[in-house]
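Below is one structure, written out as structure tokens; the observations come after it.
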Amino acid sequence: MGQDRGKYDFYLGLGLAISSSIFIGGSFILKKKGLLRLARKGSMRAGQGGHAYLKEWLWWAGLLSMGAGEAANFAAYAFAPATLVTPLGALSVLVSAVLSSYFLTERLNLHGKLGCLLSILGSTTMVIHAPKEEEITSLEHMAKKLVDPGFFVFATLVIIVALIFIFVVGPRHGQTNILVYITICSVIGALSVSCVKGLGIAIKEAIAGENVVQNPLAWILLLGLIACVSTQINYLNKALDIFNTSLVTPIYYVFFTTSVLTCSAILFKEWEHMGTDDVIGTLSGFLTIIVGIFLLHAFKDISVSLATLAVSMRKDDRAFPAANGMASHSTYELLHNESSEGMEDREMGLPFDNVSRRNGAMTSS
């Protein structure tokens, strides 16, 4: 019965994680559509500090979609380990990239499509080899984890980095560097996932009949989650308003996943019980995702598709025989004809015209 219950929880968490990616991927498109409508109306843009998007129904639809996705994600963390749920967020990259090409006319070239595919393959590899977190069944156990010196140092560094980016780096480089606002969302996201995991445990205890309302840790986790999610929404809106959606989504995924996996490794001590093959598999999967993100980002301005690739290959096939001297006979005939014309011109006393014709023939050949 315990094994059956474990399998049920695993597949339930897996289904919730997949549905979460679909909702979140679609929310990026709805929010972007709303922000574009505001820009056409001349309203102050979110990237400039405006909040006119609060009056746009498309933006609210995107927010509700993201809320549904986050709720499904929240439930997934309660049933499955973070190392399973977090990598599946790559599906939101695929959903967002495909939908943006249809509804936002943000063209996704061949490199971008390969990047999405590599992101999915890397995420699958990470899920297969992901470490299993320690079992935490109560808020008391969670409290001991949160006061661990390693996690305390990590959380302090995260808060310091976030404050530096918010008050120092953001005002200077936030409008030109895509990594600034995404970094803020990502490092704060590591703490939000920890809060989600703790609240999931609290909900399980409440369902089992435990009195968690009087536990101060539950309220601390709730307030921390509200603060983290509010910060993420604010700076994610700014990134979406300024930069291309097909770039914001995958880069945010890489940074967010890195932060969450690091936080989970420190908080839940996951890597201590991993074998060598699982370590290699996890790192390989994550590097595959990074390569996919690089393809999406580095070649975004190059117009490459299967059609243009086929045309380029046909051109290479036509040029290949000439490169090996197969076209020397036709070139000789062309020069020979021009030489005959040059002989006639020489008889007419036009040697310079003869030279220019020869040069022209050689250039044409």
Side-chain angles (χ1 to χ4, degrees), residues 24 27-28 31 35 44-54 59 63 66-67 70 73-74 77 82 86 89 142-199 216-243 245 247-268 286 290 293 297:
I24 292 175
S27 72
F28 284 106
K31 284 185 177 181
L35 294 173
M44 181 178 290
R45 306 182 65 170
Q48 299 173 346
H51 295 85
Y53 55 84
L54 294 176
W59 185 87
L63 182 64
M66 177 167 281
E70 292 296 342
N73 197 50
F74 182 94
Y77 279 109
T86 304
M142 185 71 180
K144 293 180 181 179
K145 291 289 185 180
L146 292 176
V147 297
D148 184 78
F151 178 76
F152 183 80
V153 172
F154 173 79
T156 303
L157 290 176
V158 164
I159 295 174
I160 292 174
V161 169
L163 292 176
I164 291 175
F165 271 76
I166 290 173
F167 295 106
V168 179
V169 182
R172 298 179 182 177
H173 307 288
Q175 299 289 326
T176 57
N177 194 327
I178 192 174
L179 300 180
V180 175
Y181 294 143
I182 292 178
T183 300
I184 297 173
C185 297
S186 301
V187 296
I188 294 297
L191 298 181
S192 67
V193 168
S194 301
C195 295
V196 166
K197 190 69 177 177
L199 287 175
L217 179 59
W219 294 103
I220 292 174
L221 292 174
L222 179 60
L223 293 176
L225 179 62
I226 293 173
C228 291
V229 171
S230 300
T231 304
Q232 288 179 269
I233 291 175
N234 182 38
Y235 287 98
L236 186 59
N237 277 328
K238 292 185 177 183
L240 284 171
D241 186 49
I242 299 171
F243 303 103
T245 307
L247 294 178
V248 172
T249 307
I251 295 175
Y252 174 62
Y253 167 76
V254 170
F255 278 54
F256 176 75
T257 304
T258 303
S259 300
V260 171
L261 291 181
T262 303
C263 181
S264 298
I266 296 173
L267 181 61
F268 301 112
F286 190 63
I290 293 177
I293 300 305
H297 181 67

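Note that this is a predicted model, so its numbers are computed, not measured.
Residues C185 and L236 share a closest heavy-atom pair of SG-N, 3.4 Å. In this structure, Y181 and G170 approach most closely via the heavy-atom pair OH-O, 4.1 Å. Here the closest heavy-atom approach between residue I182 and residue A239 is recorded as CG1-CB, 4.4 Å. Looking at every heavy atom in both residues, V254 comes nearest to F286 through O-CZ, 4.1 Å.
Between F165 atom CZ and S186 atom OG the span is 10.0 Å, to the nearest 0.5 Å. One distance of note links CG of L199 with CG of L217; it measures 8.5 Å at 0.5 Å rounding. Here the straight-line distance linking atom CD1 of I159 with atom SG of C228 works out to 8.0 Å at 0.5 Å rounding. The structure places CD1 of I178 at 10.0 Å from OG1 of T183, a figure rounded to the nearest 0.5 Å. Of the inter-residue distances, the one linking D241 atom CG with Q175 atom CD reads 8.5 Å to the nearest 0.5 angstrom. Annotation: the span from L191 atom CG to L225 atom CG amounts to 10.5 Å, rounded to 0.5 Å.
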Between L222 and W219, does a side chain to side chain contact (heavy atoms under 4.5 Å, CB included) hold up when you go through it step by step?
CA-CA 5 Å; L222 179 60; W219 294 103; 4.0 Å; yes

Step by step, work out the side chain to side chain contact (heavy atoms under 4.5 Å, CB included) result for L63 and S27.
CA-CA 7 Å; L63 182 64; S27 72; over 6 Å; no

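Under the 3.5 Å distance criterion, the side-chain polar atoms of N237 are matched with a main-chain donor or acceptor of I233. One N or O on the side chain of S192 and one on the backbone of G189 form a donor-acceptor pair closer than 3.5 Å.
Counting only N and O atoms by type, the side chains of Y252 and Q232 include a donor and acceptor under 3.5 Å apart.
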